[in-house]
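Note that the structure is predicted; figures quoted are calculated from it, not measured. Each chain gets a letter, A, B and so on, in the order the sequences are listed, and its residues count up from 1.
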Number of protein chains: 2
Amino acid sequence: MPKRKPRVEVCFTPRSYELYNEDVDIVVCIDVLRATSAMCAAFEGGVKKMIPVATLEEALEFKKQGYIVAAERKGQIVDGFTLGNSPLSYVDGKYKGETIVITTTNGTMAIHTARKAETVVIGSLLNLDALSEWLIKQNRNVLLLGSGWKETFCLEDTICAGAFVDNLLSSGKFRSDFDSSIAAKYLFRSASENIQGYLKASSHRRRLRDLNLNEDIKYCLTPNQTKVIPIKKGKYLVKM
Amino acid sequence: MPKRKPRVEVCFTPRSYELYNEDVDIVVCIDVLRATSAMCAAFEGGVKKMIPVATLEEALEFKKQGYIVAAERKGQIVDGFTLGNSPLSYVDGKYKGETIVITTTNGTMAIHTARKAETVVIGSLLNLDALSEWLIKQNRNVLLLGSGWKETFCLEDTICAGAFVDNLLSSGKFRSDFDSSIAAKYLFRSASENIQGYLKASSHRRRLRDLNLNEDIKYCLTPNQTKVIPIKKGKYLVKM
């Protein structure tokens with residue numbers, strides 16, 4: 001009997017991870033607005049390493065040791081830290097060659113949740129096609145893990161996950177078993193012509209608009225601006 | 001300041017209920033394939049009361065006391081019980097005036113999860129417009145609670161929930177804050193022209209098709225076949 005195709009599946013939030021992670025080889029962590037977009041932008045901008053941490057306490061420890069620390073909560077830079085999670089902080093190459101510690105409301109939690117997976121990579125719309133190509137070559141089971149908003153479902157991560165599902169299924173080399181994967185693909189397909197318009201009603205979008213982050217949003221929702229694939233090696237994220 | 005509109009929201013599975021149930025007045029439990037469809041069909045067929053129970057143990061206790069018991073697991077009637085969760089069992093009026101105890105893989109779990117809510121009603125595509133009309137008249141916060149499949153997201157419950165969201169938002173008397181509600185509405189809108197075709201790829205549909213339940217599926221996916229609204233009163237479901 002021929003070996004079955006590997007699976008590409010979607011888990012909407014870290015809270016449900018244990019229901020979806022059976023036989024998963026590669027976890028793609030996604031937080032479109034804005035943590036994983038910022039990570040892709042950081043490596044594109046020449047950052048050497050990132051250290052994702054789940055809590056502000058850990059972030060403070062690193063700060064005391066002299067690290068540059070990016071810390072975001074509720075969409076804003078936490079008082080006393082250098083950076084938040086705006087991808088635009090990195091595009092001018094200001095942090096080239098540096099190591100950046102990063103903690104965010106939702107995105108670093110997804111990375112923490114996936115910590116026991118064999119391989120953890122960072123996905124966003126920014127590196128959609130480059131990461132899809134790499135995933136297709138691996139021929140392994142892939143789980144796209146959305147960050148959600150405080151554990152609840154969020155639309156932009158799901159649409160991004162659906163874009164990856166669409167790419168991988170279109171290669172003919174993958175299958176999807178879960179309804180979440182099918183729904184994500186459907187949602188991406190309805191959104192793909194105009195992702196920004198589609199997301200206008202989304203809760204997170206509204207939240208960030210209130211904080212005057214329209215430039216950030218536009219950047220994060222524009223696919224394929226980089227070919228970098230951040231990958232987790234021990235406690236570090238590095239460029240593959 | 002005028003009072004804000006009441007909310008209509010969607011929670012995909014019982015597992016996430018506590019994240020979505022704040023300030024909720026009415027919970028609509030949904031298990032399209034097939035528990036809540038069967039409940040609507042049962043009352044349409046003249047059943048007087050139903051007693052939903054979460055476990056087979058409880059169902060057995062009722063059986064010993066002489067009750068008619070419907071028990072489904074893995075899509076099939078459990079050995080030793082009279083009925084499963086096929087809505088077609090009820091359409092000929094065979095159980096008119098009877099009280100039926102019912103336990104199913106997913107649907108009765110949603111009802112159990114919502115047990116502390118002020119008001120619990122039973123929704124399906126079968127009573128879509130009748131229940132929507134009633135909900136619109138109540139002017140209270142509504143949560144549509146999908147049953148999912150063994151705690152994971154399922155497409156048919158989400159599409160049904162999205163149909164309710166679409167009806168309630170279209171009335172102009174409700175608002176939605178969560179992305180899950182927006183996504184459900186989007187999914188319903190893409191599916192609405194051809195729900196059966198849209199669900200062909202869904203995991204649950206495949207599962208039931210393998211069990212030769214195509215007639216059941218067709219029945220459950222055909223909207224507005226009844227005006228009954230089952231409502232929970234104490235341990236019973238009764239016709240409103």
Out of curiosity, B:R15 CZ to A:E18 CD, how far, rounded to the nearest 0.5 Å?
4.5 Å
What distance separates A:F153 CZ from B:T158 OG1, expressed to the nearest 0.5 Å?
9.0 Å
Against chain A, residues from residues 106-130 of chain B with at least one heavy atom under 4.5 Å, in numeric order, are none
Proximal to chain A - members of residues 185-194 of chain B, heavy-atom separation under 4.5 Å
B:Y186, B:L187, B:S190
So which part of B:F12 gets closer than 4.5 Å to some heavy atom of chain A, the side chain, the backbone, both or neither?
side chain
Taken in chain and number order and not counting sequence neighbours, the residues that satisfy side chain to side chain donor-acceptor pair (under 3.5 Å) with B:S132 are B:N167
For chain A, which residues from residues 175-184 of chain B lie under 4.5 Å away (heavy-atom distances)?
B:S176, B:D177, B:F178, B:D179, B:S180, B:I182, B:A183
